[in-house]
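Just so you know, these numbers use all the heavy atoms, side chains as well, and skip hydrogens, waters and symmetry mates. By convention in this document, chain letters (A, B, ...) are assigned in the order of the sequence lines, proteins followed by strands, and residues within each chain are numbered from 1.
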Amino acid sequence: MQRSLISDIIANDIEGEVNIAVWIQDTRSLKNVIFLTVRDTSGMAQVTIRKGTLDNEEKIVGLNRESVIAVKGKWDRKSASKLGVDIVAEKIEILNESLAPLPLGVDDPVEADFDTRLNNRFIDIRKPEKALIFQIESTMLWGIRKFFNSQEFIEVHTPKIVAAATEGGADLFSVKYFEKEAYLNQSPQLYKEILMSCGLDRVFEVGPAFRAEQHNTTRHLNEFTSIDIEVSFADHNDAMAFLENAIKHGVDEMLSRHSDQMEKHGIHVDRVKTPFPRITYEECRKLINDAGMNLEFGDDFSPEQLKVIGNKFNGFYFIIDWPSSMRPFYTMPKPEDPALTNSFDLQFNELEITSGAQRVHNPEILEKRFLDKGLNPSEFDFYIKAFKYGMPPHAGWAIGLERLVMILCGLPNIREATLFPRDRTRIVP
RNA sequence: GCCCCGGUAGUGUAGCGGCCUAUCAUACGGGCCUGUCGAGCCCGUGACCCGGGUCCAAAUCCCGGCCGGGGCGCCA
């Protein structure tokens with residue numbers, strides 16, 4: 001199908017005949033002329049039909065909102081349309097008619113409930129400001145991928161159906177796997193570490209992660225997209241450098257491609273300055289205790305306490321040196337103080353984005369860490385085995401794509417950054 | 001998992017024991033006007049989540065269910 005995007009017609013100031021394919025957002029039939037407000041994925045335009053010039057103009061005026069048409073015509077530069085482009089129609093083909101009334105208006109003056117929007121996501125995302133979120137998400141991920149590619153990472157895909165009962169953290173969804181019981185993986189953690197033993201050295205993965213947690217918040221999902229990396233011959237400082245640079249490149253890419261649209265829809269994202277500040281868990285604990293709240297060594301920060309820290313640090317920063325008791329078994333204890341770990345959380349204002357660490361690479365220490373955490377090492381033989389025949393020191397992190405977009409764009413709910421969110425109650429659509 | 005809140009036309013709402021044959025906006029249908037662009041004006045269609053209960057009387061109060069919103073916890 002030959003067509004031009006509305007944005008290209010504007011950008012290239014096309015003089016001659018153009019073909020556009022669009023959704024009808026509104027029709028206004030006047031005495032001598034019919035105006036259509038139309039929309040494609042790139043933008044909005046006005047289509048003008050001079051009465052008496054099209055044999056199907058009656059039919060077109062009667063079309064319901066959101067019907068799809070193809071228009072052949074020329075840009076009338078004298079038209080005073082507020083949309084900036086006005087195509088005078090020479091021919092209009094009806095590609096598909098919409099039913100009415102719509103389950104959800106695309107440009108209605110009142111915003112529908114989020115539940116209604118999610119139930120009718122196919123229309124919701126026709127709204128340019130909603131579509132923009134996913135364009136941003138894609139572009140940012142593209143920037144991150146380009147960065148990893150430039151750093152000699154390879155993109156990998158680890159299994160999402162796994163046998164391990166638990167890694168000691170989140171609950172897993174179980175699935176029937178023929179005669180066996182299996183689970184949906186909550187993270188590629190164990191597999192990407194094994195890849196370090198494979199000698200692949202630098203890997204990243206973008207894929208789904210599943211958590212069977214009954215949380216009910218605006219920042220958790222039961223299925224989300226995890227960006228994971230793992231790097232050999234690296235420690236937590238190397239991992240933090242990769243993280244801040246990955247975010248910088250993602251944001252740069254986002255701004256280079258979408259800043260106009262972001263501005264138009266009130267999404268403001270600052271350029272990222274690296275390196276991010278590093279503050280220790282102990283420093284944070286002091287801030288909180290100084291603010292009159294009590295936080296014992298080994299306790300996690302509550303949302304209220306994170307605000308205290310966030311008030312002190314704007315934008316991105318790392319909280320480092322977390323207590324060993326708070327971190328998963330694979331986290332490397334500090335050689336000089338085993339009560340602490342070579343680990344970090346990435347924060348944005350008062351919001352937690354992600355965590356990472358240098359990993360344990362010595363199999364004896366790893367087994368001991370399993371036992372410390374009350375886990376049975378024998379259930380993780382497939383994992384520990386990879387540590388016994390030459391596992392290099394390594395480090396890595398994972399970051400939730402949707403949460404990153406939510407935080408950067410200041411969205412009120414992580415579901416806004418998810419096409420078809422899976423939460424405590426929703427599995428349709 | 002704990003706690004709070006809510007479910008009224010396609011959409012978003014007002015009403016919170018009798019004045020409700022239920023408000024307003026928008027959408028939808030019809031008419032008028034009209035180079036419009038949140039078009040304007042007039043007319044019309046369209047709804048109290050489900051099941052019990054209390055009461056002379058329930059959209060309104062009570063109980064249960066279903067569905068949803070949010071906070072906390074949990075969370076690699």
For the aromatic rings, using the six-membered ring if either is Trp, is the centroid distance between A/Phe382 and A/Tyr191 under 6.0 Å?
yes

Minimum-distance nucleotide to [X] side chain [options: [options]]:
X	options	answer
A/Asn216	B/rG1, B/rG35, B/rC74	B/rG1
A/Arg219	B/rC72, B/rU11, B/rU36	B/rC72
A/Val33	B/rG71, B/rG10, B/rG35	B/rG35
A/Asp108	B/rU34, B/rG10, B/rA39	B/rG10
A/Arg28	B/rA39, B/rG35, B/rU11	B/rA39
A/Pro101	B/rA27, B/rC37, B/rG1	B/rA27
A/Phe35	B/rC75, B/rG73, B/rU36	B/rU36

Give [X] one of three labels, base, sugar-phosphate or nothing, depending on what nucleic acid heavy atoms sit under 4.0 Å from its own.
X	value
A/Arg50	base
A/Ser29	base
A/Pro109	base
A/Ser81	base

Return the value, rounded to whole Å, for the distance between atom [atom1] of [X] and atom [atom2] of [N].
X	N	atom1	atom2	answer
A/Glu352	B/rC72	CD	C1'	16 Å
A/Asp115	B/rG70	CG	C1'	14 Å
A/Glu66	B/rG10	CD	C1'	14 Å
A/Asp107	B/rU11	CG	C1'	12 Å
A/Asp113	B/rG70	CG	C1'	13 Å
A/Arg65	B/rA27	CZ	P	6 Å
A/Asp86	B/rG35	CG	P	15 Å
A/Leu172	B/rC75	CG	C1'	12 Å

Output yes when at least one side-chain N/O atom of [X] is less than 4.0 Å from OP1 or OP2 of [N], else no.
X	N	value
A/Thr218	B/rG71	yes
A/Arg426	B/rG68	no
A/Asn413	B/rG70	yes
A/Ser302	B/rC72	no
A/Lys82	B/rG38	yes
A/Gln46	B/rC37	no

Under 30°, 30 to 60°, or over 60°: which ring-plane class applies to A/Tyr383 and A/Phe329, parallel, tilted or perpendicular?
perpendicular

Once you measure the plane-to-plane angle for A/His220 and A/His215, does it fall in the parallel (<30°), tilted (30-60°) or perpendicular (>60°) bin?
parallel

Could you say whether A/His215 or A/Phe224 is positioned toward the 5' end of RNA chain B, judged by the nucleotide with the nearest heavy atom to each?
A/His215

Upstream residue (5' side of RNA chain B) when A/Thr425 and A/Pro303 are each assigned their closest nucleotide
A/Thr425

Side-chain donor-acceptor contact under 3.5 Å, A/Thr280 with A/Arg285
no

With distance as the sole criterion, is a donor-acceptor pair present between the side chains of A/Ser81 and A/Asp86 under 3.5 Å?
no

Distance between [atom1] atoms of [N] and [M] (Å, rounded):
N	M	atom1	value
B/rA58	B/rG53	P	12 Å
B/rA25	B/rA39	P	16 Å
B/rA47	B/rA9	C1'	4 Å

With sequence neighbours left out, write down each residue that passes side-chain contact (heavy atoms from CB on, under 4.5 Å) with A/Ile92, or none if nothing qualifies.
A/Leu36, A/Val47, A/Ile49, A/Leu54, A/Ile60, A/Ile69, A/Val71, A/Ala89

Between A/Ile320 and A/His236, is there a side-chain heavy-atom distance shorter than 4.5 Å?
no

Do the non-hydrogen side-chain atoms of A/Phe242 and A/Phe204 ever get within less than 4.5 Å of each other?
no

Taking NZ, NE, NH1 and NH2 as the nitrogens, is one of them in A/Lys91 or A/Glu17 under 4.0 Å from a carboxylate oxygen of the other?
no

Under-3.5 Å donor-acceptor pair between A/Arg415 side chain and B/rG69 base
no

Secondary structure of RNA chain B per the Watson-Crick/G-U criterion (both distances under 3.5 Å; [ ] crossing, | other strand, . unpaired) is (((((((..(((.....[.....))).(((((.......)))))....(((((..]....))))))))))))....

